[in-house]
Amino acid sequence: MSTEQLTVQNILRGLPSIDELVRQLMTHSDMAEAGLARVTEFARLSVDSLRSEVIAGSVTDQDLARLAEDRAVKMWLRTRQERLRRVINATGVVIHTNLGRAPLSESARRAIVESSGYCTVEYDLEAGGRGHRGTYVEDLIADVCGTEAAIVVNNCAAAAFLVLTVLASDGEVIISRGELVEIGGDFRVPDVLKATGAQLREVGTTNRTKITDYEHACGENTRMILRVHPSNYRIVGFTASPSIRAMADLARRKNVVLFEDIGSGALLGLGDEPVPSESLSDGADLVAFSGDKLLGGPQSGIIAGRRDLIDKIRKHPMYRVLRVDKLIYAALGATLESYTAGNAEREIPVLQMINCSREEIVERAVRFAGRIKKLNMGISASVCDGNSVIGGGSAPDIHPPTSLIAISHAELSADRIESALRRATPPVISRIENNLVLIDLRTVANDEEDLLFNAIAESFSPFSRQSPA
Ligand SMILES: *Cc1c(COP(=O)(O)O)cnc(C)c1O
């Protein structure tokens, strides 16, 4: 054996056995919630990785027992960080898909808690037996959409999938080339639609599609005319697409269904977002939209329109596959009650945030920046003009004017500050522009300001040179 191999052998002797390490870890306070099986798993991972590093020569004569323990604890803590955690959204992106889209209203949150035990999701208290699932919420939706019937599934992609599966999988669906869009990183409308078995018949061009294009494409196998709202982008300039009325007229003459995938669910309208009740009154047979975009509720996909078609959808086995659970009915019902009571703009966080005036945000931002300066931690906080973002692929051309707090520190880069904020309790998600960390209070609720303030103080405390007074 060479001396090098001998040294490696010697160092390896310092590695603890799995049993020893597990015994040690079980007494560690940070591992309290891990349980024996997971502690053993992390002990093994830690020892295995150390062994490879010793053999590779990257770890030498250190205290391997200590190193193995620290490493196992770190691995566990990192795993725990991956649990869902509450964050403060200081990005100014109201419907932030990575952060859970719409924050729920107070009453929706209460409704979730109340229904989280046993509840009447499928029970009729009058009859004392099995009841209909979702009837109450479906009636609320039909009401706010001014239509006959509605049904709820997991999300809007599921809604579109279900409508095509039930009504068009044995035939053709006509769609404009300008509407074959990708919405968010993982959802391409045509991919979902093709998975139903329906044949997509593309008509028109990217920027212009005329009613005659649809008409010429209608044949014996046509089941549906589909319109998809291009949500996250706009083609501007030389464009054309027929009105819903004209398309409804054609669909009626050809005896096919007109279905519109609206996406955002702006029940009260916003910019040029389609309003479900308007599409339906203009003649769409069915519309589908998300529950957690502009509607401001939980993740869900809503289909509303003609009762005979909704009934058909309800009877299809795929509906059973895509249905939602009691917590979603609870939260969606409470959210919709705000609309039917005429209180949506006051009670639904997404709408409050979008409607919050620049003046109000300026006032909050100035006050908040003043508090940060008073911390005396070397943080500079200046207030400047900017724009918020609606997000969630909705209303891409609306940028509400806002007031931003730019945070900087003489000795810290913007990246360093942004990452420290992300590691605070609770984590704060900010954005960086022109080398400045920006905080937009539009997406921070009033009652979150103290949490945000404390998180900022926590993030900067390791860098603060303030001498104890
Ligand atoms: C967002 C969007 C979808 C997808 O909605 P999910 O609820 O996320 O499944 C589908 N269609 C359109 C037009 C959209 O804007």
Side-chain angles (χ1 to χ4, degrees), residues 93-104 137 141 145 150-165 168 173 175-196 198 200 209 224-235 241 244 247 258-267 269-276 278-280 284 286-305 318-319 321-325 328-329 331-332 335-336 350 354 389-398:
V93 180
V94 177
I95 304 168
H96 198 305
T97 296
N98 301 152
L99 302 181
R101 288 201 182 154
L104 297 180
V137 171
I141 298 166
C145 292
I151 194 163
V152 184
V153 289
N154 183 61
N155 55 16
C156 187
F161 177 83
L162 188 58
V163 169
L164 263 74
T165 299
V173 174
I175 181 169
S176 160
R177 286 200 171 83
E179 298 172 6
L180 292 166
V181 293
E182 174 169 319
I183 293 160
D186 54 357
F187 178 49
R188 284 191 168 166
V189 172
D191 292 344
V192 172
L193 303 182
K194 279 178 199 148
T196 64
L200 293 194
T209 305
M224 179 181 290
I225 298 175
L226 169 62
R227 182 158 161 135
V228 179
H229 178 56
S231 294
N232 50 4
Y233 86 122
R234 293 287 181 272
I235 296 178
S241 59
I244 289 281
M247 294 173 78
L258 175 62
F259 167 46
E260 185 174 22
D261 174 4
I262 286 176
S264 69
L267 297 182
L270 177 70
D272 61 358
E273 289 297 318
V275 179
E278 288 174 10
S279 288
L280 289 163
L286 291 175
V287 296
F289 49 94
S290 293
D292 57 354
K293 292 183 180 171
L294 288 170
L295 192 148
Q299 180 187 305
S300 46
I302 293 165
I303 306 167
M318 273 317 280
Y319 167 61
V321 174
L322 301 170
R323 76 177 191 186
V324 295
D325 84 324
I328 299 299
Y329 282 127
L332 187 56
T335 306
L336 290 164
V350 162
I354 291 172
V389 173
I390 303 297
S394 311
D397 39 17
I398 296 183

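Start at 1 and go down the list; that is how both ligands and their atoms are numbered.
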Are any of the N or O atoms of [X] closer than 3.5 Å to those of ligand 1?
{"X": "Val189", "value": "no"}
{"X": "Asp292", "value": "no"}
{"X": "Ala157", "value": "yes"}

Going from [atom1] on [X] to [atom2] on [Y], what distance comes out if it is rounded to the nearest 0.5 angstrom?
{"X": "Leu258", "Y": "Arg227", "atom1": "CG", "atom2": "CZ", "answer": "8.0 Å"}
{"X": "Tyr319", "Y": "Thr165", "atom1": "OH", "atom2": "OG1", "answer": "15.0 Å"}
{"X": "Met318", "Y": "Leu164", "atom1": "CE", "atom2": "CG", "answer": "12.5 Å"}

[X]: numbered ligand 1 atoms lying under 4.0 Å from its heavy atoms:
{"X": "His229", "answer": "13 (C)"}
{"X": "Asn155", "answer": "6 (P), 7 (O), 9 (O)"}
{"X": "Arg101", "answer": "6 (P), 7 (O), 8 (O)"}
{"X": "Ser290", "answer": "5 (O), 6 (P), 7 (O)"}
{"X": "Asp261", "answer": "10 (C), 11 (N), 12 (C), 13 (C)"}

>> Regarding Ser394 and Ser264, do their side chains bring together a donor and an acceptor under 3.5 Å, going by distance alone?
In response: no
Going by atom type alone, with no hydrogens or angles, which donor-acceptor pairs under 3.5 Å involve a side-chain atom of residues 286-305 and a protein atom two or more places apart or on another chain?
from   : atom 1 : to     : atom 2 : distance (Å)
Ser290 : OG     : Gly263 : O      : 3.4
Asp292 : OD1    : Arg101 : NH1    : 3.0
Gln299 : NE2    : Asn154 : O      : 3.2
Gln299 : NE2    : Asn154 : OD1    : 3.4
Ser300 : OG     : Pro298 : O      : 3.0

> Under a heavy-atom criterion of less than 4.0 Å, does Arg227 contact ligand 1?
Replying inline: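 Contact check Arg227 vs ligand 1: negative.
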> Quick one: does Gln299 get within less than 4.0 Å of ligand 1, heavy atoms only?
Replying inline: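 No; Gln299 lies far enough from ligand 1 that no heavy-atom distance drops under 4.0 Å.
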> Taking all atoms of both residues into account, what is the closest heavy-atom pair of Leu193 and Ala160, and its distance?
Replying inline: CD2-CB, 4.3 Å
>> Can you pull out every salt bridge (Lys or Arg N to Asp or Glu O under 4.0 Å) where at least one residue sits in residues 154-165? Sequence neighbours excluded, please.
In response: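 Listed by first then second residue: nothing to list.
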